Amino acid sequence: MDETNPTPAKLADDAVAYKQIRGTDNYNKTTKCTYFLVVLFIKGSGIHYIDDREFPIANNQLHFLFPGQHHHWVTGPETVAHKIVVGQKIFETFSSSDEFSFMRHNLNPVFKLSETMFTHVDAEMEGIKRDVTFLNHDDSWKRILQLRMDIIASMMRREAESYIKDNLLPRTNAITKKFWDLINENYIEHKSISWYADKLAVTPNYLNILCKKHMNMTATDMIHYKIMQEAKKQLRFSEDSIKTITFNLGFDNMAAFSSFFKKKSNFSPKEYRA
């Protein structure tokens, strides 16, 4: 095994670490992660065990691990991979972190990338590999590393959205699919399950049962997912004040919006935007 900048025993919440994996890596200590992990297998074989599930390792694969999950792996001798470890604070500030959380609930944590997508992700990870060395001498590079990770997150957001639209939703119950459409149309004005359940002519409890069965999320989680997706987008990419964004998203006051946002992300809107 050949390492570059091995991951520290304990990663700070606002840190990014890079490690290169080459050859056989028998990481056989199951660990409950407190960080976000993304591994791009350029070439590879072996097995990655995530929460007691087995995922065969192959070429051009992207693997994810979320805070709180357990994992270990055994790689084959031909394996070459980029491993990026991201502190939880930086992960929460990704504009696409909610898409990743949605992926955790609904997708396998392994993507087989197209050649085009692989080339782009590989280039960004090579950039991270280089930039981590500068971080040791200049703390301002932390922001650059965060931006690179956000680019990767945005790439995977497209993959996740395509999967949800083309594969996940068509297989769900018709009521669940209609619920998803209603959320996208009405999440600003209506945030309670009861309003959607009434529109769908079902009880809130039954709507929750359907969402858990078909989407692995509660009905409330689905509504909150959409709100957070839009909130992070506006905080990151618009110049509107937090007060304006509060009302754009249908909250009655800034205190209510701040409380909701901090509960979901561990950051206040002001901290997230900083």
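This structure is a prediction, so every number in the text was calculated from the model and none was measured. All residue numbers in this chain count up from 1 along the given sequence.
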Working for side-chain contact (heavy atoms from CB on, under 4.5 Å), residues Leu62 and Val121: CA-CA 9 Å; Leu62 198 63; Val121 175; 4.1 Å; yes

With a 3.5 Å distance limit and no angle check, can you tell me whether Thr75 reaches the backbone of Gly23 through a side-chain donor-acceptor pair? yes

Where Arg273 and Glu239 come nearest, the two heavy atoms and their spacing: NH2-C, 4.3 Å

Do the side chains of Leu235 and Ile245 get nearer than 4.5 Å, heavy atoms only? yes

Kindly indicate whether the side chain of Phe179, heavy atoms from C-beta on, has any atom under 4.5 Å from the side chain of Leu200. yes

If you measure from CD1 on Ile57 to CD1 on Ile21, what distance do you get to the nearest 0.5 Å? 8.0 Å

Which heavy atom in Val86 sits nearest to a heavy atom in Tyr35, and how many Å separate them? O-CB, 3.2 Å

Check whether Thr133 reaches the backbone of Arg130 with its side chain - one donor and one acceptor, N or O, closer than 3.5 Å. yes

Tell me whether Met222 is reachable from Ile175 by hopping between hydrophobic residues (I, L, V, M, F, W, Y) whose side-chain heavy atoms are closer than 4.5 Å. yes

Working to the nearest 0.5 angstrom, can you tell me the gap between Phe260 CZ and Lys191 NZ? 8.0 Å

Determine, using ring centers only, whether Phe41 and His63 are less than 6.0 Å apart. yes

Ile47 and Val80: same hydrophobic cluster, using ILVMFWY side-chain contacts below 4.5 Å? no

Output yes when a side-chain donor or acceptor of Ser259 lies under 3.5 Å from a complementary backbone atom of Ala256, and no otherwise. no

Search all heavy atoms of Ile242 against all heavy atoms of Met254 and return the closest pair with its distance. CG2-CE, 4.0 Å

Nearest heavy-atom pair of Thr203 and Ala197: which atoms, and what distance? C-CB, 3.8 Å

Measure across Cys211 and Thr218 and return the closest heavy-atom pair with its distance rounded to 0.1 Å. CB-C, 4.1 Å

Tell me whether Ile188 shares a hydrophobic cluster with Met228, the cluster being built from Ile, Leu, Val, Met, Phe, Trp, Tyr side chains joined at under 4.5 Å. yes

Backbone N/O of Glu115 and side chain of Thr119: donor-acceptor pair under 3.5 Å: yes

Using a 4.5 Å cut-off on heavy atoms from C-beta on, say whether the side chain of Glu271 contacts that of Lys262. yes

Taking atom CG as the centre, does Asn184 end up with more than 12 heavy-atom neighbours from other residues, nucleotides or ligands that are less than 6.0 angstrom away? yes

Nearest 0.5 Å please: distance from the CG atom of Asp131 over to the CD atom of Glu126. 11.0 Å

Are Phe247 and Tyr187 connected in a single hydrophobic cluster, I mean Ile/Leu/Val/Met/Phe/Trp/Tyr linked by side-chain heavy atoms less than 4.5 Å apart? no

Close side-chain approach of Tyr196 and Ile183, heavy atoms under 4.5 Å: yes

Sub-3.5 Å donor-acceptor pair from the side chain of Asn208 to the main-chain atoms of Ala219, do we have one? yes

Has Gln69 got a side-chain atom pairing as donor or acceptor with Phe66's backbone, closer than 3.5 angstrom? yes

Note: Pro269 and Phe261 closest approach over all heavy atoms is N-CD2, 3.8 Å

I need the Ile50 CD1 to Asp52 CG distance, nearest 0.5 Å. 11.0 Å

Answer yes if the ring centres of Phe55 and His48 are under 6.0 angstrom apart, and no otherwise. no

Is it the case that one hydrophobic cluster holds both Trp180 and Ile209, taking links as side-chain heavy atoms less than 4.5 Å apart, direct or via other members? no

Please lay out, stage by stage, how Thr116 and Ser114 fare under the test side-chain hydrogen bond (donor to acceptor under 3.5 Å, both in side chains). CA-CA 5 Å; Thr116 300; Ser114 67; 4.9 Å; no

Output the distance between atom CD (Gln234) and atom OG1 (Thr246), rounded to the nearest 0.5 Å. 9.5 Å

Should Trp195 and Asn186 count as side-chain neighbours, where that means a heavy-atom distance under 4.5 Å? yes

Given side chains that start at C-beta, do those of Lys19 and Asp25 come closer than 4.5 Å, heavy atoms only? yes

Indicate the ring-plane relationship of Phe257 and Phe251, choosing parallel, tilted or perpendicular according to the 30° and 60° boundaries. tilted

Look up atom NZ in Lys233 and atom CG in Leu249, then write down how far apart they are to the nearest 0.5 Å. 11.0 Å

What do the steps show when you test Gln20 against Arg22 for side-chain hydrogen bond (donor to acceptor under 3.5 Å, both in side chains), and what is the final call? CA-CA 7 Å; Gln20 187 176 72; Arg22 284 188 176 273; 3.1 Å; yes

Intermediate values then yes/no, salt bridge (charged side-chain N to carboxylate O under 4.0 Å, His left out), Glu78 and Lys43: CA-CA 7 Å; Glu78 76 281 19; Lys43 296 187 294 184; over 6 Å; no

How far apart are the C-alpha atoms of Lys264 and His224, what are their side-chain angles, what is the distance that settles it, and do they pass the side-chain contact (heavy atoms from CB on, under 4.5 Å) test? CA-CA 9 Å; Lys264 293 297 177 181; His224 289 176; 3.0 Å; yes

Given the rule in the side-chain contact (heavy atoms from CB on, under 4.5 Å) test, do His71 and Leu37 qualify, once you have shown the distances and angles that lead to the verdict? CA-CA 10 Å; His71 84 117; Leu37 172 71; 3.7 Å; yes

Flag the pair His82 / Val39 as yes when at least one side-chain heavy-atom distance between them is below 4.5 Å, and no otherwise. no

Got a donor-acceptor contact below 3.5 angstrom from the Lys112 side chain to the Asn59 backbone? yes

Can you confirm whether Gln61 sits close enough to Leu40 that some side-chain heavy atom of one is under 4.5 Å from a side-chain heavy atom of the other? no

